[in-house]
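Comments concern the structure below.
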Amino acid sequence: NGGSSIFRFGRDFAGTGGSFVAGTSTAAGFARYAQVIAGVTYNNLILSGSGAKTTTGATVNGTLSMRGTATATGATPVYGAAATLEYMGAAAPVIGNEFQSPWVATGGVVVNNPFGVALSSSVQINTLLTLTNGVLSIGDNDLIFGGVAAPVAGASATNYISTVATGQVRKLFFANGTYTFQIGNAG
């Protein structure tokens with residue numbers, strides 16, 4: 001049992017089958033170049049540094065944390081029912097292949113990056129979007145919410161959804177009614 005340890009790897013971490021779930025452990029790929037991430041099951045997985053991280057075959061049951069300018073490539077990871085997708089770091093990442101749309105895992109999607117996060121395509125979140133730190137810029141893409149009564153938490157004057165281009169923020173309804181978006185305000 002790895003307890004709450006972190007397994008850091010700076011080169012490819014290859015293999016198929018098996019699990020890396022020891023206790024509450026975390027695997028962290030931190031190279032400043034492309035890496036292959038083993039197609040196994042992880043409790044938590046951090047993709048940081050820069051370059052494309054190939055995630056084909058990976059399953060994340062806890063948190064996938066995207067940090068730095070790392071991007072995910074290959075097949076979108078499989079997520080456990082309670083998984084969280086977190087964008088954190090010291091650079092402005094673009095949401096990419098790591099995002100499974102619609103997002104249905106109950107841990108939701110977390111923006112925790114003072115430099116903000118940008119959408120690269122339209123996405124749907126059926127659970128919760130938490131704006132801990134930073135702006136989610138949707139550009140010309142749509143951000144669609146479905147299934148949750150209050151789909152956004154943490155919106156404020158500094159943590160908000162930016163819609164400065166043609167993209168729209170939408171909420172799916174299954175009955176007639178109104179809804180006030182709690183998306184914050186840039187001032």
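Distance alone, capped at 3.5 Å, places no donor-acceptor pair between the S65 side chain and the L85 backbone. Looking only at distances, a side-chain donor or acceptor of S120 sits under 3.5 Å from a matching main-chain atom of I95. A distance-only check finds a donor-acceptor pair linking the side chain of N141 to the backbone of L119 [under 3.5 Å]. Panel note: side chain N43, backbone V60; no donor-acceptor pair is recorded below 3.5 Å. Side-chain N or O atoms of N44 include one that pairs as donor or acceptor with a backbone N or O of T63 at under 3.5 Å. Using a distance-only test at 3.5 Å, with no hydrogens or angles considered, no donor-acceptor pair links the side chain of T55 to the main chain of A58. Side-chain N or O atoms of S122 include one that pairs as donor or acceptor with a backbone N or O of D142 at under 3.5 Å. Side-chain atoms of D140 come within 3.5 Å of backbone N or O of T166 as a donor-acceptor pair. Under the 3.5 Å distance criterion, the side-chain polar atoms of T54 are left unmatched by any main-chain donor or acceptor of T56. The closest donor-acceptor contact from the side chain of S101 to the backbone of Q124 lies under 3.5 Å.
Looking at every heavy atom in both residues, G89 comes nearest to P114 through O-CD, 3.7 Å. In plain terms, the two heavy atoms of A165 and G139 that are nearest each other are CB-O, 3.2 Å. Across all their heavy atoms, G116 and P93 have their closest contact at O-CD, 3.3 Å.
Using a 4.5 Å heavy-atom threshold, the side chains of I46 and R67 count as touching. Contact check for T71 versus V94: no side-chain heavy atoms found under the 4.5 Å cut-off. No side-chain heavy atom of M88 sits less than 4.5 Å from a side-chain heavy atom of N113. Inter-residue side-chain proximity for I144 and L172 is flagged as met; some heavy-atom pair is nearer than 4.5 Å. Looking only at side-chain heavy atoms (C-beta outward), T84 and L64 stay at 4.5 Å or farther from each other. Using a 4.5 Å heavy-atom cutoff, the side chains of E86 and M66 are not in contact. Two residues are said to be in side-chain contact when any heavy atoms from C-beta on lie closer than 4.5 Å; W103 and N126 fail this criterion. Side-chain contact between V40 and T59 is absent, with no heavy-atom pair separated by less than 4.5 Å.
With rounding to the nearest 0.5 Å, the separation of CG in N159 from CG in L131 is 6.0 Å. To the nearest 0.5 angstrom, N112 atom CG is 10.0 Å from T130 atom OG1. For the atom pair CD of Q35 and OG of S48, the computed distance is 8.0 Å after rounding to the nearest 0.5 Å.
Linking Ile, Leu, Val, Met, Phe, Trp and Tyr whenever their side-chain heavy atoms come within less than 4.5 Å leaves V135 and L128 in two separate clusters. Under a hydrophobic-cluster definition in which Ile, Leu, Val, Met, Phe, Trp and Tyr are linked whenever side-chain heavy atoms come within less than 4.5 Å, directly or via other members, Y79 and V110 are assigned to different clusters. The hydrophobic clustering, which links ILVMFWY residues whose side-chain heavy atoms are closer than 4.5 Å, places F115 and V164 apart.
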Walk me through whether F99 and V109 qualify under side chain to side chain contact (heavy atoms under 4.5 Å, CB included). CA-CA 9 Å; F99 194 100; V109 177; 3.8 Å; yes
Show your working on side chain to side chain donor-acceptor pair (under 3.5 Å) between N97 and T73 and close with a plain yes or no. CA-CA 6 Å; N97 198 48; T73 188; 5.5 Å; no
Report the C-alpha separation of T132 and V111 in whole Å, then their side-chain angles, then the decisive distance to 0.1 Å, and conclude whether the side chain to side chain contact (heavy atoms under 4.5 Å, CB included) test is met. CA-CA 6 Å; T132 302; V111 173; over 6 Å; no
Stepwise side chain to side chain contact (heavy atoms under 4.5 Å, CB included) test for I161 and I138: CA-CA 7 Å; I161 299 167; I138 66 171; 4.0 Å; yes
